[in-house]
Every structure is written in structure tokens, then in C-alpha cells.
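The structure appears below as C-alpha cells.
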There are 2 protein chains.
Amino acid sequence: MGECKQCQSTLEVVKAGFLRGRQRFYCKTCQVHFTIKLPAASPQKAARQTTIIDIAKSLGVAPSTVSRALNGSTDINSLTRQEILRVANEMDYRPNLLAQSLHRGETHTIGVVIPNIERPFFAGVLAGIQNVATEAGYRVMICQSNESHSTETLNVQALVASRVDGLLISHSKETTSFEHIRLQLKKGLPIVHFDRVCNEVETAKVVQKDFEGSFALVEHLIQQGCRRIAVCAGPPQLLISQTRLEGYKAALRHYGLPLDDSLIYHTEFKQSESLTALNHWLSLPEPPDGIFAIHYGNAIELLVELKHRKIQIPTEIAVVGFGDELIAELIEPSLTVFHLFPFEMGETAASLLIDNIIHRDTFSPIIKKMRGELRIRKSSIRL
Amino acid sequence: MGECKQCQSTLEVVKAGFLRGRQRFYCKTCQVHFTIKLPAASPQKAARQTTIIDIAKSLGVAPSTVSRALNGSTDINSLTRQEILRVANEMDYRPNLLAQSLHRGETHTIGVVIPNIERPFFAGVLAGIQNVATEAGYRVMICQSNESHSTETLNVQALVASRVDGLLISHSKETTSFEHIRLQLKKGLPIVHFDRVCNEVETAKVVQKDFEGSFALVEHLIQQGCRRIAVCAGPPQLLISQTRLEGYKAALRHYGLPLDDSLIYHTEFKQSESLTALNHWLSLPEPPDGIFAIHYGNAIELLVELKHRKIQIPTEIAVVGFGDELIAELIEPSLTVFHLFPFEMGETAASLLIDNIIHRDTFSPIIKKMRGELRIRKSSIRL
DNA sequence: GGCCTTTTCGGAAACGTTTCCGATAGGTAT
DNA sequence: ATACCTATCGGAAACGTTTCCGAAAAGGCC
């Protein structure tokens with residue numbers, strides 16, 4: 001029998017069931033239950049970072065004093081502070097950001113949700129975001145939706161669980177419902193949309209010149225003599241696809257060209273699709289003499305495929321694309337594009353968000369439009 | 001005079017200095033000091049996420065019970081659990097990961113330090129890391145060193161302050177001292193190097209076939225008839241530069257070709273440098289008939305510049321590069337490369353690290369070498 | 001010496017969660 | 001009724017910070 005904790009006697013001790021695998025006892029004199037402690041076996045303790053308490057103990061002061069010394073409070077003797085700073089440095093003290101964040105209720109971290117980190121456009125945006133965020137003392141946590149709506153929702157939840165101070169998001173191509181955004185917005189989380197934005201929720205947004213860029217590209221094709229201009233449109237759900245398509249249509253209308261639905265082909269950013277699109281167009285009684293690809297990836301693919309089929313670019317078919325990359329300049333013939341500035345977009349979005357975080361009250365659902373410029377290259381010069 | 005908190009009388013109350021701007025009093029009867037509270041003004045309270053305590057209160061149970069219900073403990077009645085889960089769902093409860101991490105002493109987050117997120121190679125690695133990490137329930141925090149040693153050190157410190165469970169790092173080109181790594185290693189932080197590794201510290205490492213790839217590329221050039229092969233080497237400090245240069249030298253030696261130092265040109269990954277390198281080589285009494293660029297970026301630049309100068313590729317000068325990208329295939333002439341698998345490298349590094357985190361005890365400084373393959377294209381086929 | 005002051009520090013609460021430990025209520029055998 | 005048992009819950013401590021509040025000490029002024 002065990003020995004009672006209070007009376008130290010074993011006389012009136014009886015068994016009293018099991019608790020978490022350990023025998024339980026009851027002392028009738030003391031009317032108290034107890035169990036026998038196991039010799040806790042874990043000498044394998046993970047090395048800890050030094051804490052404020054460690055410093056406090058080693059100097060014989062209170063933790064609050066150490067905190068004051070480290071945070072530059074005036075409520076402290078300068079000699080005490082010096083000593084504390086010395087010891088802190090000696091012990092390589094690093095404040096535990098988790099504890100700080102938990103206490104302050106803010107993490108100084110912003111969450112980013114993008115479709116894919118490998119796409120150069122988004123990588124550029126990320127670099128811009130990091131640049132501004134780091135400058136402002138914010139960390140960045142990145143998630144990829146992989147173009148899946150459910151993953152995007154999970155991403156948002158994960159970032160919210162990590163208690164990010166704000167969210168930057170560019171939607172997946174599947175996303176047509178925005179409840180996951182609305183829910184967090186209602187809870188007061190600052191959110192800024194960029195590139196693939198939506199009209200359904202009231203957030204600050206950073207967008208490209210989607211309409212203007214498309215208009216300029218198509219206008220350029222028309223000025224180069226193209227009369228039947230096909231468009232390789234993106235996923236029809238995406239707002240940017242729609243806006244760019246609008247720009248295309250507006251240009252046709254403006255120059256009095258007919259709108260032919262058989263020349264509009266929607267793709268899902270997948271490799272093979274531009275080929276099926278091309279096959280479709282070439283099988284038409286009147287094939288196109290110009291192609292506008294909403295997404296630069298499709299433009300490159302089309303260029304390669306046209307070359308492969310020995311179709312002359314730009315004389316037989318001219319090609320232009322939206323968005324830019326080194327490859328557009330180096331491929332032959334070089335590709336006419338509407339050049340974007342992803343880095344700047346990232347910077348703009350991040351500074352908008354951080355502003356939004358700091359001044360929660362004076363928020364307005366502003367929409368910022370990034371600059372962009374027509375870069376005319378060989379794939380479209382027919383005159 | 002103020003009213004004493006204890007005796008509620010103002011008779012024996014005297015002033016007693018100022019404390020944080022507020023008048024302080026002393027009650028002589030009660031021998032107690034006190035100040036008058038200001039009416040705290042902050043109705044503008046940031047919306048809070050619902051907590052376990054909120055759920056507990058709304059159901060009239062203890063927070064520990066709610067925690068048990070949410071974490072699938074057996075120590076709970078299934079009806080109680082159902083109720084708690086229902087309410088939790090209703091209130092859109094999300095556990096505060098900060099509090100969890102603080103308590104558990106682990107964040108389920110891994111830190112990544114890379115030179116630059118915009119470089120396709122690193123973007124690919126990142127994607128691989130994210131893939132494995134997400135699968136294993138880990139979040140990823142990314143920092144860019146921008147090729148600066150001091151920034152890299154700051155990055156490491158920031159990630160440590162965030163209490164990441166482990167670190168993945170690819171060093172900046174400036175980094176020759178590894179104290180920042182050694183310090184964390186001593187504290188027990190699991191660290192895995194990838195790509196730009198070093199020999200100075202004992203960590204697990206994931207590397208490319210730097211030596212073998214270089215050897216294969218140079219061997220290929222020799223087999224194509226090249227006899228004076230120049231090498232556009234990277235920053236001489238980087239171990240991968242050294243290893244790749246070794247591969248180059250070994251191939252020359254193996255085939256009995258002389259080693260000519262004037263054919264070795266070190267660059268710093270900057271744009272203009274490949275041009276100065278080219279100028280240097282072309283000014284030699286015996287210019288090279290083949291160029292091996294350690295970095296694919298330089299290879300592309302050289303290709304463009306050679307075309308620009310109307311120098312025939314590969315007949316006059318053949319070009320090969322290390323590393324691959326879409327552009328290598330699409331440029332004309334297409335570029336012969338030693339193809340790498342960045343995504344797989346990221347996956348390997350991440351799973352190595354996570355394994356290291358979970359089984360801290362059975363760690364060994366293993367070195368994993370990724371696969372790679374010679375992809376022969378037009379820029380080097382002379383026979 | 002009494003009154004008032006400033007400087008400097010310690011104690012405790014709070015952030016939200018998990019986990020340890022014990023208490024209680026209700027069993028079931030003898 | 002006694003001796004044992006299980007199931008289910010609450011309370012409190014802990015993680016590492018910051019911050020609120022007050023105490024102690026020491027000095028100045030009349």
C-alpha cells in the first residue's frame with residue numbers, strides 16, 4: 001500500500017481504482033485520494049532558447065525588470081539596464097516571438113495566398129511583397145492554392161490559425177465563391193486582393209491594366225493589318241480573363257471589326273490546350289491572321305507550335321501576349337507583349353495591406369491599377 | 001483629495017508623489033498607497049477570434065474540457081464532445097496556433113533561407129519544399145538573403161526568433177563564415193543545407209551532381225571536337241562553383257587537354273559580366289571553341305551575345321550550361337545543359353529536415369545527391 | 001521631522017492553449 | 001455495507017512575454 005501524503009501513514013489506506021494506468025489510493029483518516037508518482041523519465045530534453053527568466057535569475061532581478069531593460073522603458077536605472085543587456089547578449093538571448101505575439105495580439109506576419117510560386121509572375125510579386133514587408137518589420141508566410149478552391153480555403157484557414165495580421169490573396173482559377181474571404185473580413189482581418197481579384201467582396205485591390213492592355217494589343221494587331229484576330233482566353237471564371245476579353249471586344253468594336261465567337265477559345269492554363277485551340281482555328285473556313293493570348297504561357301506555346309507547323313510569323317499569323325518574361329524577348333521571333341511589373345505590384349499590395357493593418361479605422365476599399373506598357377517585337381510587325 | 005480604497009474615508013489621506021502622470025495618495029490610517037484610475041478609453045477594440053474560453057463559458061464547462069473535446073481525448077463523454085464540437089463549429093473556432101506552439105515548444109513551421117525567390121531554380125525548390133511540408137502538416141516561412149551575408153544572418157536570427165522547428169538554407173554567394181549556422185546548431189536546431197552547401201559545419205546536405213554534371217558537359221564538348229574550352233565560373237567563394245570547376249578540370253585532364261587559366265573567368269551572377277568574359281576570351285591569341293557556363297543564366301547571355309556578334313554556334317563556338325529551364329529549350333539554337341530537378345531537391349531537403357525534427361536523436365550528417373541528366377541540344381552538336 | 005516627490009524595482013495578471021492531478025459520482029462485485 | 005473500480009469533469013500550472021499597479025528607498029523642502 002502507498003503512504004498517505006498527509007498523514008504519512010499506511011494504516012487506513014485502501015485502493016481506489018485506476019487513474020491513467022496508475023494505482024489509486026484512498027486514505028480514510030485524511031479522506032483524501034492520491035496516486036504514486038512515476039519517476040518521470042525524459043533526460044532527453046530538447047535544448048531551450050534562453051528566456052527572460054533565465055536572465056532574471058542569473059542577475060537576481062525580476063523578469064519584468066529584464067523586459068523593461070530590453071524594451072527601452074525609462075522606468076529603469078541605466079546601470080541595471082547595461083548589466084541586463086550585457087548578460088542578454090552573453091547568453092545570446094532572442095525574444096520568443098510567439099510569446100510576444102500571443103501577448104500583444106499581433107504577429108507582425110502577413111499571409112500570402114497565390115496559385116503557384118513557380119510562375120515567374122507570382123515569384124516577382126512575392127519578391128516585391130517581401131521587400132516592403134521586411135522593410136516594415138513584417139514577416140511573410142506563403143501558401144499555394146495550386147489553382148484549387150478547396151486548397152485556397154484551407155490556406156486561408158491555416159493563415160488565420162497562425163494569426164497573421166493581414167492577408168494578401170490572388171484567387172485560384174476555380175474560385176467563384178468568396179465566403180472564406182467574407183468570413184475573415186467580418187472578423188476584422190485586413191485583406192488586400194491583387195492580380196486575380198474579385199468584385200464580390202469589399203477589399204482594397206491591386207490590379208493590372210487588364211482592359212487597357214488587351215485593347216492596346218488588339219489595336220496594335222489591327223493597325224498591323226490583322227482582320228481576323230483569335231483570342232486564347234483564360235479560364236472564363238476569372239475576372240481578369242473576363243476583363244481582358246472585354247478589352248479585346250472593345251478594340252474590335254472600336255475599329256469596326258465583327259465579333260466572331262468561333263475565334264474565342266477558353267483555356268485552363270494547361271499545356272496541350274493551346275494546340276487544340278490552334279487546331280480549331282486552323283480548321284475554320286477563314287482561319288485567323290492574328291492571335292492574342294491572354295496568358296503569356298499560351299503565347300509562347302502557340303509561337304512554338306506555329307513555327308513547328310512552318311506557319312510564317314507574323315506574316316501569316318501574328319502573335320501577341322499578355323504579360324512578359326525574359327523568354328518573350330529571346331525567343332524567335334521575339335514576342336510582342338503587354339509588359340507587366342509584378343515586383344511593383346507586390347510592393348504596392350504589401351504597403352497597402354500594412355497601411356491597412358496599422359490604420360484599421362481609416363480603411364477604404366481603394367483599387368490601385370499598376371502601370372504596364374506595350375512592347376512591340378517581331379511576332380507582330382507586319383508593316 | 002481622493003477617497004481611500006480601504007476605509008472609504010478622505011480624512012487621513014495625503015498626497016504622495018506622482019506615478020506615471022497620475023496623482024498618488026497615501027492613507028495614514030490604512031497605511032496604504034493608491035492612485036485614482038483613469039476611465040480607460042478604448043471602445044475601438046480589434047475583433048477577437050473565438051477562443052476555447054468563449055466556448056467553455058457559453059456551455060458552462062471548463063476550458064480543459066473543451067480542449068479535451070477538440071483534441072480527441074478519451075477522457076470525455078461523447079455527448080459532451082458532440083455539444084462542444086457543435087458550438088465550436090457554430091462560433092467558427094480556430095485554435096490559436098501561437099498559444100499552442102508556445103505551450104508545446106514547437107511551431108510546426110520550418111524556415112527557409114534562399115538567395116532569391118525570383119530565380120526559377122529556387123522557386124522550384126520552394127515548391128518542392130512546400131509540397132512535402134504541407135503534406136506533413138508543417139508551415140513554411142521564407143526569407144531571401146539577396147546574396148548578402150549580413151542579410152542571411154539576420155534571416156536566420158529572425159527565423160530562430162519565430163521559433164521555427166528547423167531550417168533549410170542555401171547560402172548567399174558572400175557567405176564564407178558559418179558562425180550563424182554553428183551557433184544555432186549548438187543550440188540543437190535541426191538544419192539541412194541544400195544546393196549551396198558548405199563543408200564547414202556538420203549538417204545533412206542535399207547537393208546536385210556538380211562534379212559529375214560538369215564532367216559530363218565538358219566531356220561532351222570534347223567529344224564534339226572542342227579543344228579549347230573556356231569556363232564561365234561563378235563566384236569563387238561558393239563551394240558549388242569550386243566543385244563544378246573541379247569537374248571541368250578533371251574532364252580536361254582525363255582527355256589529356258591542357259589547363260589554361262586564361263580560359264577560366266569568374267563571374268558574380270551579374271548581367272554584364274558574361275560580356276566582359278566573352279571580350280576577354282575573344283581577345284586571346286587562341287580564342288576558345290567551346291564555352292561551359294556554370295550558371296545557366298550566363299549560358300543564355302553568352303548565346304545571345306554570340307548570335308549578336310554573328311559568331312556561329314556551335315561550329316565556331318559551342319556552348320553548354322549547368323542547370324535548365326524552359327528557355328534553354330526554346331532559344332535558338334537550343335542550349336545543351338545538365339538538367340537539374342529543383343522540385344525534387346526541395347522535396348528531398350524538406351523530408352530530410354522533417355525527419356530530422358521528428359527523430360532528433362538518430363541524426364546523421366548524411367549527404368544526398370540529386371539526380372541530373374545531360375540534355376544534348378543544338379548549341380553543342382558539331383558532328 | 002513632517003510632507004511631498006522621484007526613481008527604481010517586484011509582483012501579478014493576462015494572452016490562449018494543453019496537461020497534470022485529483023475530485024466526484026456512480027457503478028460492480030463481494 | 002464494504003472494497004474496489006471507471007468515467008467524466010474541474011482546477012491549476014505551465015509556455016514566455018508585457019504591462020499594470022503599487023512598494024520601497026532616497027532625496028528635497030519647509
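Everything numeric here is computed off the predicted structure, so don't read it as measured data. Each chain gets a letter, A, B and so on, in the order its sequence line appears, and its residues count up from 1.
Between A/S101 and C/dC15, a side-chain N or O to OP1/OP2 separation shorter than 4.0 Å is absent. Contact annotation: B/N77 reaches the phosphate of D/dT8 (side-chain N/O to OP1 or OP2, under 4.0 Å). Residue B/Q100 has a polar side-chain atom (N or O) positioned under 4.0 Å from OP1 or OP2 of C/dT18.
Where B/T80 and B/H103 meet DNA chain D, the nucleotide closest to each residue was compared, and B/T80 sits on the side nearer the 5' end.
A/D165 and A/T107 share a side-chain donor-acceptor pair at under 3.5 Å. When only modelled atom types and interatomic distance are considered, B/S145 and B/S148 share no side-chain donor-acceptor pair under 3.5 Å. Donor-acceptor pairing under 3.5 Å is recorded for the side chains of A/H193 and A/H171.
When side chains are defined from C-beta on, B/F194 counts as touching B/I114, because their heavy atoms get closer than 4.5 Å.
Remark: the backbone N or O of A/Q144 is paired with a side-chain donor or acceptor of A/N155 at under 3.5 angstrom.
Atom CD1 of A/I53 is separated from atom P of C/dG11 by 13 Å (rounded to the nearest Å).
Counting only Watson-Crick and G-U wobble pairs whose two distances sit under 3.5 Å, DNA chain C takes part in these stems of three or more pairs: C:1-30 with D:1-30.
Contacts with DNA chain D (heavy atom under 4.0 Å) in residues 57-71 of chain B: B/G60, B/V61, B/A62, B/S64, B/T65, B/R68, listed by number.
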